[in-house]
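Let me begin by presenting the structure, written as structure tokens, before commenting on it.
Quantities reported herein were computed from a predicted structural model and do not represent experimental measurements. So you know, we letter chains A, B, ... as the sequences are listed, proteins then strands, and number each from 1.
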Amino acid sequence: MTIIPPVDFNLQSTINSHGWYDLPPFRTNEHKSELETIISLSKLKHVHIRIREMNSVVEIVPMNKTIRLSKTEKEKIKNIVRSMLRIDEQLNVFYLLCKKEKHLRWVPKRQAGRILRSPTMFEDIVKMMFTTNCSWALTKIMTEHLTHKLGAKTSDGLFSFPAAETIAKKSEKWLRKEISCGYRAPYLLKLCKDISNKKIDVESFRSSDISTEELYEKLCSIKGIGHYAAGNILKLIGRYDYLGIDSWVRKRFSELHKNGRKVSDDVIEQHYNRYGTWRGLICLMEVTADWHT
DNA sequence: GCGTCCAGGTCTACC
DNA sequence: GGTAGACCTGGACGC
């Protein structure tokens with residue numbers, strides 16, 4: 001399976017855009033030039049794939065050579081990969097903005113700005129919930145426990161990200177103990193039950209045409225998702241109006257713009273306001289610039 | 001090895 | 001509307 005990406009696409013920059021590549025079922029190689037994950041086509045069919053870029057073409061290789069995929073299933077996998085890698089995202093205006101700023105000229109040069117997302121919105125929301133109020137090490141532990149204990153095992157020994165319905169069947173006590181997600185357990189359980197009972201349809205968020213403010217409010221109405229998490233989930237939807245400020249952004253901003261002096265979130269917000277609807281992505285590029293060098 | 005303290009966002013009760 | 005405290009875990013630190 002292959003995808004012809006636009007000329008401004010770069011797989012390595014997309015993989016390296018943020019920490020998602022480090023959370024299972026994602027995994028990558030040393031140079032972050034290839035990405036593996038599991039695409040769940042149904043409750044019973046999970047396909048372990050490797051994504052790589054060869055001669056300006058994105059290749060998708062199923063890792064289980066014996067698996068049979070219909071034409072429809074192959075098309076579905078290709079569409080999910082397009083969505084994960086943000087291949088159809090138009091960044092021309094963003095790149096023009098970056099070219100005007102001396103310190104951001106590296107962004108179009110490295111074809112950065114496409115932020116890796118999970119196969120599903122649900123997976124993105126749960127992982128974002130797991131980044132709140134803890135170290136990255138704990139985020140990894142929680143995600144590893146969730147996939148290993150509730151995900152489906154593929155024939156080559158990897159585990160898929162579990163469906164909301166699977167998690168919803170577990171108790172809060174079980175999630176606390178087995179997933180190590182602590183006080184997040186009731187939030188996770190409520191989200192999964194609401195999805196199972198069709199009270200909320202998070203998968204529609206990526207293609208929704210409601211305003212960014214409304215989408216932000218919808219995200220904030222999910223227990224366990226606050227201003228930081230909602231702002232960053234919006235970036236994964238392709239809306240960059242919110243900064244999603246966390247301790248890392250505060251630290252990097254003070255180092256980059258204030259000689260290490262701490263500033264309030266209002267000061268950070270005001271600084272990026274001049275970038276309009278691209279401000280969230282500009283902020284992300286600034287604070288992660290050294291990851292790309 | 002053990003105990004203590006701290007960092008990390010979000011929620012809720014209270015003013 | 002603003003604020004303080006609780007939530008839970010891993011890691012750093014001191015003993």
With respect to the side chain of Thr132(A), which nucleotide from dC8(C), dT10(B), dT9(C) is positioned closest? dT10(B)
If you check the Ile141(A) side chain, which of dC11(B), dT10(B), dG10(C) turns out closest? dG10(C)
Would His227(A) and Tyr216(A) count as having a side-chain donor-acceptor pair, cut-off 3.5 Å? yes
Rounding to an integer number of Å, can you tell me how far Met142(A) CE sits from dC8(C) P? 13 Å
With a 3.5 Å cut-off and no angle check, do the side chains of Thr212(A) and Arg239(A) form a donor-acceptor pair? yes
Taking CD1 from Ile233(A) and C1' from dT10(B), how many angstroms apart are they, rounded to a whole number? 13 Å
Would you say Lys223(A) reaches dT12(B)'s phosphate, i.e. side-chain N/O to OP1/OP2 under 4.0 Å? yes
Roughly how far, to the nearest 0.5 Å, is CG of Leu284(A) from OG of Ser17(A)? 7.5 Å
Looking at Ser247(A), I'd like to know whether one of its side-chain N or O atoms comes within less than 4.0 Å of OP1 or OP2 on dA7(B). no
Would you say the side chain of Tyr183(A) and the base of dG9(B) hold a donor-acceptor pair, judged only by whether the two atoms sit under 3.5 Å apart? yes
For Asn133(A) and dC7(C), give me the distance from atom CG to atom P, rounded to whole Å. 13 Å
Is the gap between the ring centers of Tyr240(A) and Trp278(A) under 6.0 Å? yes
Spacing of His227(A) atom NE2 relative to dC11(B) atom P, expressed in whole Å: 8 Å
If only side-chain N and O atoms count, and only distance matters, is there a donor-acceptor pair under 3.5 Å linking His48(A) with Glu36(A)? yes
Just the rounded figure in Å: distance from P of dT10(B) to CZ of Phe130(A). 15 Å
Axis-to-axis angle across the helix from dG1(B)-dC15(C) to dC15(B)-dG1(C), five pairs each end, nearest 10 degrees, ~ 40°
In whole angstrom, what separates Leu175(A)'s CG from dC7(C)'s P? 19 Å
Between Glu75(A) and Thr72(A), is there a side-chain donor-acceptor contact under 3.5 Å, judged purely by atom types and distance? no
Any side-chain N or O of Arg176(A) below 4.0 angstrom from OP1/OP2 of dC8(C)? yes
Applying a 4.0 Å non-hydrogen cut-off, can you work out what Ile179(A) is touching in the nucleic acid: base, sugar-phosphate, or nothing? nothing
So do the side chains of Ile51(A) and Glu34(A) get within less than 4.5 Å of each other, counting heavy atoms only? no
Of the candidate nucleotides dG8(B), dC8(C), dT10(B), which contains the atom at the shortest distance from the side chain of Cys134(A)? dG8(B)
Whole angstrom value for the distance that separates C1' of dT10(B) from OH of Tyr216(A): 12 Å
Minimum-distance nucleotide (side-chain atoms of Ala137(A) versus dG11(C), dG9(B), dT10(B)): dG11(C)
To the nearest angstrom, the CZ-C1' distance between Arg184(A) and dT9(C) comes to 7 Å
